[in-house]
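To find a chain, count down the sequence lines: A is the first, B the second, and so on, and within it residues start at 1.
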Amino acid sequence: MTFQSPKGTYDLLPPASERVLAVREALAAPVRQAGYGYVETPTFEDTELFKRGVGESTDVVSKEMYTFDDKGGRSLTLRPEGTASVVRAVLQHNLHNGQLPVKLWYSGSQYRYERAQKGRYRHFWQVGAEALGAEDPALDAELVALAWRGFASLGLKGVTLLLNSLGDQVCRPVYRAALQDFLRGLDLDEATRARIEINPLRVLDDKRPEVQEQLEGAPLVADHLCAACKAYHEEVRTLLTALGVPFTDEPKLVRGLDYYTRTTFEFVHGGLGSQSAVGGGGRYDGLSEMLGGPALPSVGWALGVDRTYLAMEAEGLLDEAPAARVQVYGVPLGEEARRRMFLLVEELRAAGLRVDMAFGGKGLKGAMKGADRSGARFALILGERDLAAQAVQVKDLTTAEQTEVPLAQVSDVLKGKLQ
RNA sequence: GUGGGUGUAGCUCAGUUGGCAGAGCGCCAGGUUGUGGUCCUGGAUGUCGGGGGUUCAAGUCCCCUCACUCACCCCA
């Protein structure tokens, strides 16, 4: 082999690729149904957008970005997440000057320079949704519910929703100081102590048992929320409960990006190896201003397409044989029949059937194998005898039953049989 | 960035104290000159990840290196 896919990336091939495509569509379906509009943004942006938007203190920005200079000397970065780009696009095109909230969804590749392992790759796919320009707990609840429905529609049973509030500009600084006081008294390694000063909330997210033990008794955001944040969070919880969306309060859920405020949530699953999140998001009321825009309180999420696929695999939802590629498969015998079959196949496709035929001059046996492997219900066998009779042999591959059908009627007959 | 595991046919893998490169599946052909899936028979395919070393002899032992993979860290 001369080349292989770059480290940390992988190819999606049939039949798995078809299923991933279906996962992507299923995750997007609820938001589309809810009236969110589709947005596509470039896969690379001005590096500064992510530094300002995602936050210089995050690992994503400090060590996981694919950054390069283009020939014009601009520093560009392959997007490590989608929200900053969407906010940038909204501000650039003044979508927020219209009716609010602006509701958008997207689907695409994201890139992070990390050591790959199960469920974590340098190139991965997300479906995301954002509702910008409204401070309304119902919007938070709506988005959470739409994501929840996406997972449920795929048959997933093991997804758990974790919910928390990070407070706002009023109460977060107070909490942050209290947390820092607590953390400074702990026995932690140097990197973690440095994190206390830069982004203390993320220390709560440390998975190491020796760290988690010490975090017993740490001050929690929930106890420091101001009245407004507390009321807001209670309303989100009430609405989710009313919708029947089950959630678990997770006071230590902080998430890794700097822009989150108030509501944060994460959908976790146990089938992803060492990873746990199949999706996550929250409110980011200050992001627009960080990017030079007006106040634009917003909420959104991103769901991992490939991680959702892994979760489905872990639940055994992908065990059944994949769907047949086509319904009908042409088996021509000889040159004359091959030309006629080529036309017939196109005719049947135009009539709405899924059809393939044997290519490459295979013999009858080889062509029939092709028919079998295509998953087609019917094989159409066309040789000189049939051409002379202006007919084709229609063979039901499930029963081996074969009937002769006039060429002029094949389309109608097949459509009848396949209904 | 750090640590563990694994690299042998297209795929999954076996290969003993160092002694002729293997199996299953898949693929191709034939059995059936106009019939697949089952069955039978036959066939093709190897830089044993790469380089170096030890040895009469290395897939096997040693060193280096690369890749993959899992985990830490972090996140979707």
Q: Could you encode protein contacts along nucleotides 65-76 of chain B as a string, one character per nucleotide from 5' to 3', using B for base contact, S for sugar-phosphate-only contact and - for no contact, with a heavy-atom cut-off of under 4.0 Å?
A: --SS-SBBBBBB
Q: Output every pair passing side chain to side chain donor-acceptor pair (under 3.5 Å) with a member in residues 379-391 of chain A, not counting sequence neighbours, ordered by first then second residue.
A: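 Sorted pair list: A/D386-A/Q393.
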Q: Identify, with sequence neighbours excluded, every residue that meets side chain to side chain donor-acceptor pair (under 3.5 Å) alongside A/K51.
A: none
Q: If the P atom of B/C73 is compared with that of B/G52, how far apart are they to the nearest Å?
A: 40 Å
Q: Can A/R307 be said to sit on top of A/F124's aromatic six-ring, NZ or CZ under 6.0 Å from centre and within 45° of the ring axis?
A: no
Q: Taking only residues two or more places apart in sequence or in another chain, which ones pass side chain to side chain donor-acceptor pair (under 3.5 Å) with A/T77?
A: A/T47, A/T67
Q: Is it the case that atom CZ in A/R32 sees more than 12 heavy atoms from other parts of the structure closer than 6.0 Å?
A: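 Check fails, neighbour count at 12 or below.
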Q: Give me the distance, rounded to whole Å, that separates B/A58 from B/A21 when you measure between the C1' atoms they each carry.
A: 13 Å
Q: Whole angstrom is fine here: how far is it from CG in A/L397 over to C1' in B/G36?
A: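 Result: 6 Å.
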Q: Strictly under 3.5 Å: I want the nitrogen or oxygen pairs between protein and nucleotides 28-31 of chain B, one per line.
A:
unit_1 : atom_1 : unit_2 : atom_2 : d
B/C28  : OP2    : A/R373 : NH1    : 3.4

Q: Could you write out RNA chain B as dot-bracket? Rules: Watson-Crick or G-U wobble, both distances under 3.5 Å, brackets [ ] for crossings, | for pairs with another strand, dot for unpaired.
A: (((((((..((((.....[..)))).(((((.......))))).....(((((..]....))))))))))))....
Q: Hey, can you tell me if A/Y38 and A/W105 have their rings parallel, tilted or perpendicular (30° and 60° cut-offs)?
A: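 The arrangement is tilted - the two ring planes meet at 30° to 60°.
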Q: Tell me, please, which residues at least two apart from A/Y10 pass side chain to side chain donor-acceptor pair (under 3.5 Å).
A: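 Side chain to side chain donor-acceptor pair (under 3.5 Å) list for A/Y10, sorted by chain: A/D306.
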Q: Just grab all the salt bridge (charged side-chain N to carboxylate O under 4.0 Å, His left out) pairs involving residues 74-85 of chain A, residues at least two apart or on different chains.
A: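 Those involving residues 74-85 of chain A are A/D70-A/R74.
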Q: Using heavy atoms and a sub-4.0 Å distance, could you list which residues of residues 400-419 of chain A are near RNA chain B? By number, please.
A: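 Contacting residues: A/A400, A/Q402.
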Q: Inspect the contact between A/R262 and A/D140 and indicate whether a charged nitrogen and a carboxylate oxygen are less than 4.0 angstrom apart.
A: no
Q: Can you name the residues that form a side chain to side chain donor-acceptor pair (under 3.5 Å) with A/Q92, not counting sequence neighbours?
A: A/R88
Q: Between the protein and nucleotides 5-12 of chain B, which nitrogen or oxygen pairs are less than 3.5 angstrom apart?
A:
none

Q: Contacts to RNA chain B from residues 381-389 of chain A, heavy-atom cutoff under 4.0 Å, which residues?
A: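 A/I381, A/G383, A/E384, A/R385, A/D386 - these, ordered by number, are the residues of the stretch whose heavy atoms sit under 4.0 Å from the strand.
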